[in-house]
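One structure is given below, encoded as structure tokens.
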Amino acid sequence: MTSPSSRRESVADGALALLAREGLRGLTHRAVDAEAGLPAGATSNVARTRAALLDLALHRVVELESAEFGAPGAPGAPGGADPADIPLPGTPEGLAAALAAIGHHLVTRRAARTRARMELALEAARRPELRAAYDRLGHSLRDPLRAVLADLGSAAPERHARSLVMWLEGLQFYCSAGTGAAEPPARAEIEADLRELIGPMLETPSAGV
């Protein structure tokens with residue numbers, strides 16, 4: 001017998017697959033049943049309304065990405081995920097490498113989930129009930145990133161963390177829906193860009209300037 005938690009994961013994963021492939025218009029309870037290989041009505045039993053289904057899908061994204069990455073620079077990723085060699089961000093170079101590994105993973109091996117998350121982001125802009133959950137997803141990266149930047153000597157870790165998160169979100173849009181969708185940049189290219197962004201953030205301003 002399928003456990004309730006397993007059934008919820010199946011429904012959430014089916015919803016994310018549909019969002020990535022067909023967008024919000026393709027997300028129906030019946031379609032999720034078919035996508036997840038569940039009996040008719042199973043999705044309705046887990047999430048009775050469309051709002052509940054969207055909320056379930058968004059929480060699943062948070063759960064999956066937290067499990068894979070944790071804080072920036074986590075030394076491994078469960079399940080043999082691509083960023084298993086993410087270095088600890090004890091230096092500016094290490095932080096650039098860690099964020100590049102995460103960003104590259106999200107636009108290559110996890111490109112479908114990233115597209116689904118973007119669909120959910122647009123819906124969160126229209127549905128206040130989704131806003132808080134989506135913002136938590138952003139803070140799950142931004143908060144530990146701010147702490148890392150402060151440890152590395154940033155004079156404005158809050159602003160610098162926000163800038164890096166904005167850059168990473170821009171990368172994901174560029175590779176998922178923008179002109180870079182056909183050919184995402186290589187991980188080394190992303191890392192080089194991040195080094196150029198992070199370096200000046202950690203430079204000590206000259207006295208009197």
Side-chain angles (χ1 to χ4, degrees), residues 1-70 74 76-84 101-141 168-185 187:
M1 179 180 294
T2 304
S3 68
S5 60
S6 177
R7 177 65 58 90
R8 287 178 67 83
E9 288 181 4
S10 296
V11 167
D13 290 342
L16 290 175
L18 283 168
L19 285 169
R21 191 173 67 244
E22 301 181 24
L24 285 162
R25 289 191 303 174
L27 185 67
T28 67
H29 286 72
R30 184 177 297 180
V32 174
D33 286 340
E35 182 72 26
L38 296 171
T43 297
S44 293
N45 289 333
V46 171
R48 291 200 171 277
T49 65
R50 182 177 176 82
L53 185 56
L54 288 167
D55 187 71
L56 180 65
L58 183 53
H59 279 83
R60 182 64 171 157
V61 172
V62 174
E63 177 187 355
L64 291 170
E65 294 195 353
S66 296
E68 281 193 341
F69 303 121
D82 184 62
I102 291 172
H104 186 258
H105 186 70
L106 289 174
V107 301
T108 53
R109 293 188 64 182
R110 294 293 181 262
R113 187 201 297 161
T114 297
R115 288 194 299 274
R117 179 155 43 77
M118 289 184 176
E119 293 282 348
L120 290 165
L122 290 172
E123 194 66 6
R126 307 179 188 105
R127 291 178 179 263
E129 65 270 22
L130 284 181
R131 184 77 266 166
Y134 192 84
D135 288 348
R136 280 198 300 274
L137 177 61
H139 285 298
S140 68
L141 174 63
L168 287 168
E169 290 185 348
L171 170 72
Q172 291 170 67
F173 179 86
Y174 173 78
C175 295
S176 299
T179 54
E183 191 175 354
R187 179 169 159 175

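Please read these numbers as outputs of a predicted model, since none were measured by experiment. Sequential numbering from 1 along the given sequence is applied to the chain's residues.
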If the condition is side-chain contact (heavy atoms from CB on, under 4.5 Å), which residues does E169 pass it with, not counting sequence neighbours? V165

Please list, chain by chain and in numerical order, all residues satisfying side chain to side chain donor-acceptor pair (under 3.5 Å) with R115, sequence neighbours excluded. none

Considering residues at least two apart in sequence or located in another chain, which fulfil the side-chain contact (heavy atoms from CB on, under 4.5 Å) criterion with A51? T49, R127, E129

What residue pairs, at least two apart or across chains, pass salt bridge (charged side-chain N to carboxylate O under 4.0 Å, His left out) with a residue in residues 38-56? none

Tell me every residue that passes side-chain contact (heavy atoms from CB on, under 4.5 Å) with P184, counting only those two or more places apart in sequence or in another chain. V107, C175

By side chain to side chain donor-acceptor pair (under 3.5 Å) - contacts of N45 (at least two apart): none

Separation between CG (L18) and CG (D13), nearest 0.5 Å, reads 11.0 Å

Other residues, nucleotides and ligands only: do more than 12 of their heavy atoms fall within 6.0 Å of CZ on F173? no

Report the residues that fulfil side-chain contact (heavy atoms from CB on, under 4.5 Å) with A57, sequence neighbours left out, ordered by chain and then residue number. A15, L16, L19, L120

Inter-residue atom distance I102.CD1 - H104.NE2, 0.5 Å rounding: 13.5 Å

All pairs passing salt bridge (charged side-chain N to carboxylate O under 4.0 Å, His left out) where residues 171-185 contributes a residue, at least two apart: none

Identify the two heavy atoms, one from Y174 and one from T179, that lie closest to each other, and give their separation to 0.1 Å. CE1-OG1, 3.3 Å

Residues at least two apart in sequence or cross-chain that pass side chain to side chain donor-acceptor pair (under 3.5 Å) with E22, listed by chain then number, are none

Salt bridge (Lys or Arg N to Asp or Glu O under 4.0 Å) partners of R126, counting only residues at least two apart: E123

Side chain to side chain donor-acceptor pair (under 3.5 Å) filter on S5, not counting sequence neighbours, yields S3

May I have the list of side-chain donor-acceptor pairs in residues 26-41 shorter than 3.5 Å, sequence neighbours left out?
residue : atom : partner : partner atom : Å
T28     : OG1  : A31     : N            : 3.0
H29     : NE2  : A47     : O            : 2.6
D33     : OD1  : T43     : N            : 2.8
D33     : OD1  : T43     : OG1          : 2.6
D33     : OD2  : G41     : N            : 2.9
E35     : OE1  : R21     : NH1          : 3.4
E35     : OE1  : R21     : NH2          : 2.7
E35     : OE2  : R21     : NH1          : 3.3

Any chance you could measure E65, atom CD, to L106, atom CG, to the nearest 0.5 Å? 5.5 Å

